[in-house]
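What follows is a single structure, written as structure tokens, with notes after it.
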Amino acid sequence: MSTDVRVRIAPSPTGNLHVGTARTALYNYLYAKRYGGTYILRLEDTDEERSNENYTRDIVDGLRWLGLNWDEGLEVGGPYPPYRQTEKIDHYSTMANQLIAKGKAYLCYATQEELATLKEEQKASNSAPRYDNRGRELSEVQRKHYQDEGRIPSVRFLVDEPQVVSWHDQIKGEIAIDTSDLGGDMVIVKSNGVAIYNFAVVIDDVDMKMSHVIRGEDHIHNTAKQLLIYEALEHKAPQFGHAPLIFDLERQKLSKRKHGEAVHIDHYRILGYMPEAIVNYLGQMSWTHPEGKEIYDLEEAAALFDLDKVSKSPAVFDLARLNWFNSQYLRNLPLDTIVERAQPYLTTYDTSRYTKAELTQMVASVREGLTTLAEIGPALSFYLSSQLDVNDELKASVLDSENAHKVLSGLLSTLASLPWGDHQGCKKAVDGLGKELALKGKELYWPVRAALSGKTQGPDLGAMISILGAERVKSRLESALNH
RNA sequence: GGCGCUAUCUUCUAGUGGUUAGGAAGCCGGUUUUUCACACCGGAGACACGGGUUCAAUUCCCGUUAGCGCUACCA
């Protein structure tokens, strides 16, 4: 009985693309690919107050940037539109009315104030906050009375208590929750006529024929509620899998409120992290490659992913580890890719003066030492800046000695014979000069480094010379001698 | 308060009824290098606690503790 795998990521546009959402999207994506299924993006925008089109844009762009492209849904279309909940408000109402007709739901006339009072009383008596189901048995007279008062009802779903709702969670195993702990009859349609999350989700998952629901474990209690709705709808529920949450270093759920931009995927893009690294990092937080491999791409993960290998316990978001992944991709991705991705970080320089080949050589000479794309700018600064500033301290300690002058002027006079374009050759030329002058090590190399790059550390010296080229090497040597 | 989930080095994790409890990041030391980085080698570093079950428990069961999550006419 192999039903078609259909999974979804269903973000709410009440904030930018969140790290946790990206992780959930990733697991859904991988699961769909693993089983040849369909991965769907749908927007849960029923909270009209907080939803914002800019957030939708950020989420859509972010998911695409990560490479988590969906087969069906928002901006892509598919057989079960619409993929925005606000476009099917009437449908949810219709479904709610069907439940009312079946006696599974009813109109509740309680006001916000009344509910708030109830809650306060419960809090005062130290009992669990819940709706007291007062609207279940309203008489026609009472109903009429409330209507005449101008009260606008919400729709509440009737929760039978006590009753145990249980399911086999594909990640957590058996989970059982008593309906008595669910807070009483729940609102499914707000008095403004808009369905509430727990109801709209179920309707959509039914409409869109979802086979599996993979989401964060903060939804476990929602799953119990939703299972009751599936039952009332007389519809088979999908399989559920609740992934562990992502924590911060203090072991708290990663949240926009507490962490601000640090939970925003695009923030990492701006900082110079690459999608491959982020996806790889996010993936391995709670899922381990069967062979223990650390570095793998989406395709490889998709071939191996499964929910029973997903950890049950939460993972801490550790930037040091993300850094490591990013640095791995920075030195292993094709050089052309890195050069292209470095462009946004080089806008302070006039790179049009250099050919693509030259820029590529520059990037190649520095990328081993970097962790983010953003560091490429500073690392290439000495290549790209028209003027090189050598600080006084360095001048005094490295450039001012007699030997330093010998090295620099010696190199200056051999410039014409340097094998430009041949990194190793240039390095050999410097070594040859060293032999002549009976100098080596720091005494030989540091003056050249300082004169050419303003630093005593950096890429291979031969590469530096060769890439800078005769003209710039000449002028920098001269200004180092004459400072 | 109620309910739920979780518990292996600092962090992410592997793993098994009998293992010197493995790997990765970070940290420390070394090799290499003109330097930084990379790479390589090495080091420190963990089964929360208490009961069971068992010849034997990190592993299975129960409890405790702790952490986290959920408890809206938010999603």
Side-chain angles (χ1 to χ4, degrees), chain A residues 10-15 44-47 49-51 85 108 110-112 115-116 119 122-123 125-131 152-156 169 171-173 175-178 180-183 186-198 200-201 216-224 242 244-245 247 249-253 281 284-290 292-295 309 311-325 327-328 331 366-371 379 427 430-431 434 440-449 453 455-461:
Chain A
S12 165
T14 54
E44 314 225 310
D45 55 351
T46 53
D47 184 349
E49 292 269 305
R50 296 194 299 148
S51 291
Q85 293 188 327
C108 167
T111 62
Q112 300 281 11
L115 293 173
K119 209 173 205 175
Q122 288 162 337
K123 200 176 177 185
S125 64
N126 216 9
S127 51
R130 54 167 292 145
Y131 175 62
I152 301 166
S154 61
V155 181
R156 280 192 189 262
D169 194 276
I171 294 172
K172 298 282 190 180
I175 296 182
I177 290 171
D178 197 296
S180 313
D181 300 316
L182 260 21
M186 57 180 160
V187 172
I188 54 174
V189 179
K190 294 179 263 188
S191 50
N192 68 1
V194 179
I196 214 158
Y197 166 78
N198 271 320
V201 167
E217 70 169 305
D218 48 347
H219 282 287
I220 285 180
H221 280 76
N222 285 332
T223 296
H242 292 88
L245 263 17
F247 284 170
L249 270 348
E250 278 95 48
R251 303 210 142 263
Q252 310 251 312
K253 179 179 166 181
Y281 173 62
Q284 61 82 52
M285 283 184 95
S286 297
W287 176 75
T288 310
H289 188 289
K293 268 177 82 173
E294 303 279 336
I295 303 289
K309 285 287 184 208
S311 164
K312 292 176 166 63
S313 48
V316 170
F317 188 87
D318 186 0
L319 197 62
R321 210 163 150 74
L322 208 211
N323 282 338
W324 179 77
F325 278 99
S327 65
Q328 290 294 312
R331 51 183 151 267
V366 300
R367 71 163 166 170
E368 292 271 300
L370 310 178
T371 60
K427 173 79 181 339
V430 175
D431 287 337
K440 59 178 183 176
K442 285 184 186 177
E443 284 194 300
L444 172 64
Y445 298 111
W446 281 26
V448 183
R449 271 191 182 287
S453 72
K455 282 177 277 187
T456 54
Q457 59 187 58
D460 176 74
L461 189 58

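When reading the values below, keep in mind they use all heavy atoms of this one structure, side chains included, and skip hydrogens, waters and symmetry mates. Below, read A as the first sequence line, B as the second, and so on, with proteins coming before strands; counting in each chain starts at 1.
- For A:Glu443 and B:U34, the CD to P distance is 15 Å, given to the nearest whole Å.
- Mapped onto RNA chain B by nearest heavy atom, A:Gly369 and A:Lys312 fall at different nucleotides, with A:Lys312 at the one closer to the 5' end.
- Atom C1' of B:U32 sits at a distance of 35 Å from the matching atom of B:G15, rounded to the whole Å.
- At a threshold of 4.0 angstrom between heavy atoms, the contacts of A:Ile220 are confined to the sugar-phosphate backbone, with no base atom among them.
- When the side-chain nitrogen and oxygen atoms of A:Lys309 are compared with OP1 and OP2 of B:G15, one or more of them lie within a distance under 4.0 Å.
- The OH-P distance, from A:Tyr445 to B:U35, rounds to 10 Å in whole Å.
- Side-chain contact between A:Gln284 and A:His289 is absent, with no heavy-atom pair separated by less than 4.5 Å.
- Using modelled atom types, one side-chain atom of A:Gln122 and one backbone atom of A:Arg130 make a donor-acceptor pair closer than 3.5 Å.
- Among the heavy atoms of the strands, none lies under 4.0 Å from A:Ser127.
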In B/S/- notation (B base, S sugar-phosphate only, - none; protein heavy atoms under 4.0 Å), nucleotides 39-48 of chain B written 5' to 3' is S---------
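- In this structure, A:Arg331 contributes its side chain and A:Gly369 its backbone to no donor-acceptor pair below 3.5 Å.
- Checking A:Leu322 against A:Gln457, the closest nucleotide of RNA chain B that is more toward the 5' end is the one next to A:Leu322.
- Between the base of B:U11 and the side chain of A:Arg321 there is no donor-acceptor pair shorter than 3.5 Å.
- Straight-line distance from the NZ atom of A:Lys123 to the P atom of B:G2: 15 Å, rounded to whole Å.
- Between the NE2 atom of A:His289 and the C1' atom of B:A14 there is a distance of 14 Å, given to the nearest Å.
- Atom P of B:G23 sits at a distance of 12 Å from the matching atom of B:A44, rounded to the whole Å.
- Note on A:Ser286: only backbone sugar-phosphate atoms sit closer than 4.0 angstrom, heavy atoms only; bases stay farther off.
- Side-chain contact check for A:Arg449 versus A:Leu461: some heavy-atom pair is nearer than 4.5 Å.
- Nucleotides B:A14 and B:A66 place their P atoms 26 Å apart, quoted to the nearest Å.
- Without hydrogens or angle criteria, A:Asp45 side chain to A:Pro13 main chain gives no donor-acceptor distance under 3.5 Å.
- Base pairing annotation: B:C68 forms a Watson-Crick or G-U wobble pair with B:G4, both donor-acceptor distances under 3.5 Å.
- The interatomic distance linking A:Tyr281 (OH) with B:U11 (P) rounds to 13 Å, in whole Å.
- As rounded to the nearest Å, B:C38 and B:U71 have P atoms that lie 45 Å from one another.
- B:U65 and B:A75: their P atoms are spaced 36 Å apart (whole Å).
- Per the geometry, CG belonging to A:Asp431 stands 12 Å off C1' belonging to B:U33, to the nearest Å.
- Counting non-hydrogen atoms under 4.0 angstrom, A:Asp460 reaches a base of the nucleic acid.
- A distance of 14.0 Å separates CZ in A:Phe317 from CG in A:Leu245, rounded to the nearest 0.5 Å.
- Nucleotides B:U6 and B:C61 are separated by 11 Å at their P atoms, to the nearest Å.
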For every nucleotide of nucleotides 59-75 of chain B, 5' to 3': is a protein heavy atom under 4.0 Å from its base (B), only from its sugar-phosphate (S), or from neither (-)?
---------SBSSSBBB
Where do N or O atoms of nucleotides 27-30 of chain B meet protein N or O atoms at under 3.5 Å, pair by pair?
none

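- B:C38: no Watson-Crick or G-U partner with both key distances under 3.5 Å is found in any strand.
- Here A:Lys293 lies out of heavy-atom contact (under 4.0 Å) with every strand.
- Rounding to whole angstrom units, CG of residue A:Asn126 and P of B:G1 are separated by 7 Å.
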Just do the salt bridge (charged side-chain N to carboxylate O under 4.0 Å, His left out) check on A:Glu294 and A:Arg321 with the steps written out, would you?
CA-CA 11 Å; A:Glu294 303 279 336; A:Arg321 210 163 150 74; 3.1 Å; yes
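- Note that the CG atom of A:Leu182 and the CG atom of A:Asn222 stand 9.0 Å from one another [nearest 0.5 Å].
- When side chains are defined from C-beta on, A:Asp318 counts as touching A:Tyr281, because their heavy atoms get closer than 4.5 Å.
- Nucleotides B:U13 and B:G52 are separated by 33 Å at their P atoms, to the nearest Å.
- Side-chain contact between A:Asp431 and A:Leu444 is present, with heavy atoms from C-beta onward closer than 4.5 Å.
- At distances below 3.5 Å, at least one donor-acceptor pair connects side-chain atoms of A:Lys172 with backbone N or O atoms of A:Lys312.
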A:Leu249/A:Val316 under side-chain contact (heavy atoms from CB on, under 4.5 Å): CA gap, chis, key distance, verdict
CA-CA 6 Å; A:Leu249 270 348; A:Val316 170; 3.4 Å; yes
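- In this structure, the CZ atom of A:Phe325 is 11 Å from the C1' atom of B:U13, given to the nearest Å.
- The same atom, C1', is picked in B:G45 and in B:C27; the two are 10 Å apart, to the nearest Å.
- Between A:Tyr131 and A:Cys108 the shortest side-chain heavy-atom distance falls below 4.5 Å.
- Across every strand in view, B:G45 sits unpaired, with no contact that passes the Watson-Crick or G-U test at under 3.5 angstrom.
- Pair assignment for B:U33: none, as no Watson-Crick or G-U wobble contacts are both less than 3.5 Å.
- Residues A:Glu217 and A:Pro244 form a side-chain contact, since some pair of their non-hydrogen atoms from C-beta on lies under 4.5 Å apart.
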